Q: 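Below are the structure tokens for one structure; questions will follow.
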Amino acid sequence: MKTTNIADVLVIGSGPAGYTAAIYAARAGRATHLITGAQQGGQLMITSSIENYPGFSSSISGPELMEQMRQQVESMGVKIICDTVTSIDFSVLVDSSCKLFKAAGESGAVYESKTVIIATGAGARWLGIPGETEYRGRGVSACATCDGFFFRNKDVAVVGGGNVAVEEAIFLTNFAKSVTLIHRRDALRAEKIMQKRLFEDPKVNVVWDTVLSEIEGDGNKVTRLKLRDTKTNEVSYKEIDGVFVAIGHQPNTTIFKGKIDLDAAGYIVTKYGTVKTSVDGVFAAGDVCDAIYRQAITSAGQGCMAAIEADRFLASKGI
């Protein structure tokens, strides 16, 4: 394996958290390397239109926003590396001041750094049904906060039965003409107080004991859903303008298991009010440690915090 130059700050991930962290680390005068991961730009690369990121008077597409961030990172002199980290060691090569962390890439390269910022994000859990990928960003979404505005006065559906699904459904009533919650069982898992709010909303209709088996469209946008009753296997169809899949998210933390503290859902645990992890010199930012907000702007804010903390950590070691 070939070892690259040693960095002061190694950023793993290229979403809003990773790019922002790289910008701030470079501005602090730190030698900064950023490993993009398999999907450069992260989840925003499948977001067709963004209207809630500050600084843009009109909507901007996810890919456009991430390309602008990438260009800004490059202008700061950050070394951007197109590779995917496959393993990492937080316990090796101690020098006179601090540990030298080592990460191995899919390419076979080895990356060493005095601090690490983990910004690998999280991905929505999808149903894996026909039409879901084809119409993603064109009527299929996994984030009501991100895309709900685009369905003003439209008929939408939400798939799921937990807190996230109920929250998404209630949020969508602020925009949509009607909201249909589709759940495969005959009772919701969400908290009772949230269920009460859901059932009392006149815009909401709950379809029980039903699974979504296919999403259909006209080639440009979603037009209807194919549903199947879990008890009778009867098939039905529902005309719809959009569908939100709310069956949870999966943080991209597989390579960090056993290396750093994770919670029961796999999210990186950070010390309260900070971006510090259980390993000194290792920080986390964005969706990889945030199961609540999951927004580009909050991820960027945490990326800034992580870079500032990394700089302070290095300074405390006399580096």
Side-chain angles (χ1 to χ4, degrees), residues 2 4-5 7 9-27 30-50 52-53 55-56 59-88 103-111 113 116-126 133 136-138 140-143 146-147 249-256 268 283-290 294-304 306-307 310:
K2 181 181 178 181
T4 64
N5 293 332
V9 180
L10 177 67
V11 180
I12 306 175
S14 57
Y19 279 151
T20 304
I23 290 168
Y24 273 81
R27 278 178 53 83
R30 300 300 181 179
T32 305
H33 295 172
L34 181 146
I35 302 177
T36 63
Q39 184 176 12
Q40 296 183 44
Q43 285 287 297
L44 287 186
M45 295 302 288
I46 59 171
T47 303
S48 58
S49 185
I50 300 170
N52 56 2
Y53 196 88
F56 300 92
S59 64
I60 183 172
S61 74
E64 287 175 326
L65 177 59
M66 299 320 297
E67 177 58 25
Q68 290 197 27
M69 285 192 183
R70 179 187 173 92
Q71 290 177 10
Q72 186 175 4
V73 169
E74 288 178 325
S75 73
M76 297 289 178
V78 173
K79 184 176 182 179
I80 298 179
I81 304 162
C82 296
D83 200 356
T84 300
V85 174
T86 55
S87 66
I88 195 159
E106 193 173 64
S107 67
V110 174
Y111 307 98
S113 182
V116 174
I117 296 174
I118 303 171
T120 49
R125 289 193 176 98
W126 297 99
T133 300
R136 200 172 297 172
R138 296 188 293 164
V140 176
S141 175
C143 181
C146 309
D147 300 326
H249 286 74
Q250 181 66 47
N252 299 319
T253 55
T254 301
I255 65 170
F256 303 112
I268 293 176
F283 310 92
D287 291 3
V288 75
C289 58
D290 174 18
R294 302 195 308 272
Q295 299 298 302
I297 188 64
T298 52
S299 293
Q302 288 186 336
C304 164

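One is the number of the first residue; the rest follow in order along the sequence. Fair warning: this is a prediction, and the values are worked out from it, not measured in the lab.
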Q: Could you go step by step and tell me if Ile297 and Asn52 meet the side chain to side chain contact (heavy atoms under 4.5 Å, CB included) rule?
A: CA-CA 9 Å; Ile297 188 64; Asn52 56 2; over 6 Å; no
Q: For a 4.5 angstrom cut-off between non-hydrogen side-chain atoms, does Pro16 reach Gln295?
A: no
Q: Let me know which of Val85, Asn252, Val288 forms a side chain to side chain contact (heavy atoms under 4.5 Å, CB included) with Ile12.
A: Val85
Q: With the side chain counted from C-beta on, respond yes when Leu65 and Phe56 share a heavy-atom pair under 4.5 Å apart, and no when they do not.
A: yes
Q: Ala22 and Thr32: which non-hydrogen atoms are nearest, and at how many Å?
A: CA-CG2, 4.1 Å
Q: Could you check whether atom CZ of Phe256 has more than 12 heavy atoms from other residues, nucleotides or ligands sitting under 6.0 Å from it?
A: yes
Q: To the nearest 0.5 Å, what is the distance between OG1 (Thr253) and CD1 (Ile118)?
A: 9.0 Å
Q: Can you see which heavy atom on Ile268 is nearest to which on Ala284, and at what distance?
A: CG2-CB, 3.8 Å
Q: Please walk me through it: do Gln68 and Ile60 pass side chain to side chain contact (heavy atoms under 4.5 Å, CB included)?
A: CA-CA 11 Å; Gln68 290 197 27; Ile60 183 172; 3.8 Å; yes
Q: Output the distance between atom OG1 (Thr120) and atom CD1 (Ile35), rounded to the nearest 0.5 Å.
A: 11.5 Å
Q: Considering non-hydrogen atoms only, spot the tightest contact between Gly286 and Ser299 and give its length.
A: CA-OG, 3.5 Å
Q: List the steps, then state whether side chain to side chain contact (heavy atoms under 4.5 Å, CB included) holds for Gln40 with Met45.
A: CA-CA 8 Å; Gln40 296 183 44; Met45 295 302 288; 5.9 Å; no
Q: Who pairs with Cys304 by disulfide (SG to SG under 2.5 Å), at least two apart in sequence or on another chain?
A: none
Q: To the nearest 0.5 angstrom, please state how far the OH atom of Tyr19 sits from the CE atom of Met66.
A: 6.0 Å
Q: Mark yes or no for whether Gln250, through its side chain, and Arg125, through its backbone, hold a donor-acceptor pair below 3.5 Å.
A: no
Q: Which atoms form the tightest heavy-atom contact between Ala307 and Ala25, and what is the distance?
A: CB-N, 3.6 Å
Q: Closest heavy-atom contact between Ala124 and Trp126?
A: O-CD1, 3.2 Å
Q: Just verifying a value: how many Å separate Leu44 CG and Gln39 CD, rounded to the nearest 0.5 Å?
A: 9.5 Å
Q: Any pair with a residue in residues 61-71 that passes salt bridge (charged side-chain N to carboxylate O under 4.0 Å, His left out), sequence neighbours left out, goes on the list, sorted by first then second residue, please.
A: Arg70-Glu74
Q: With rounding to the nearest 0.5 Å, note down the distance linking CG in Asp83 to CD in Glu106.
A: 6.5 Å
Q: Between His249 and Ala142, which heavy-atom pair has the shortest distance, and what is it?
A: CE1-O, 4.1 Å
Q: Quick check for you: to the nearest 0.5 Å, what is the distance between Tyr53 atom OH and Met69 atom CE?
A: 3.5 Å
Q: Within the 4.5 Å heavy-atom criterion, are Val11 and Val78 side-chain neighbours or not?
A: no
Q: Counting only N and O atoms by type, is there a donor-acceptor contact under 3.5 Å from the side chain of Thr36 to the main-chain atoms of Ser14?
A: no
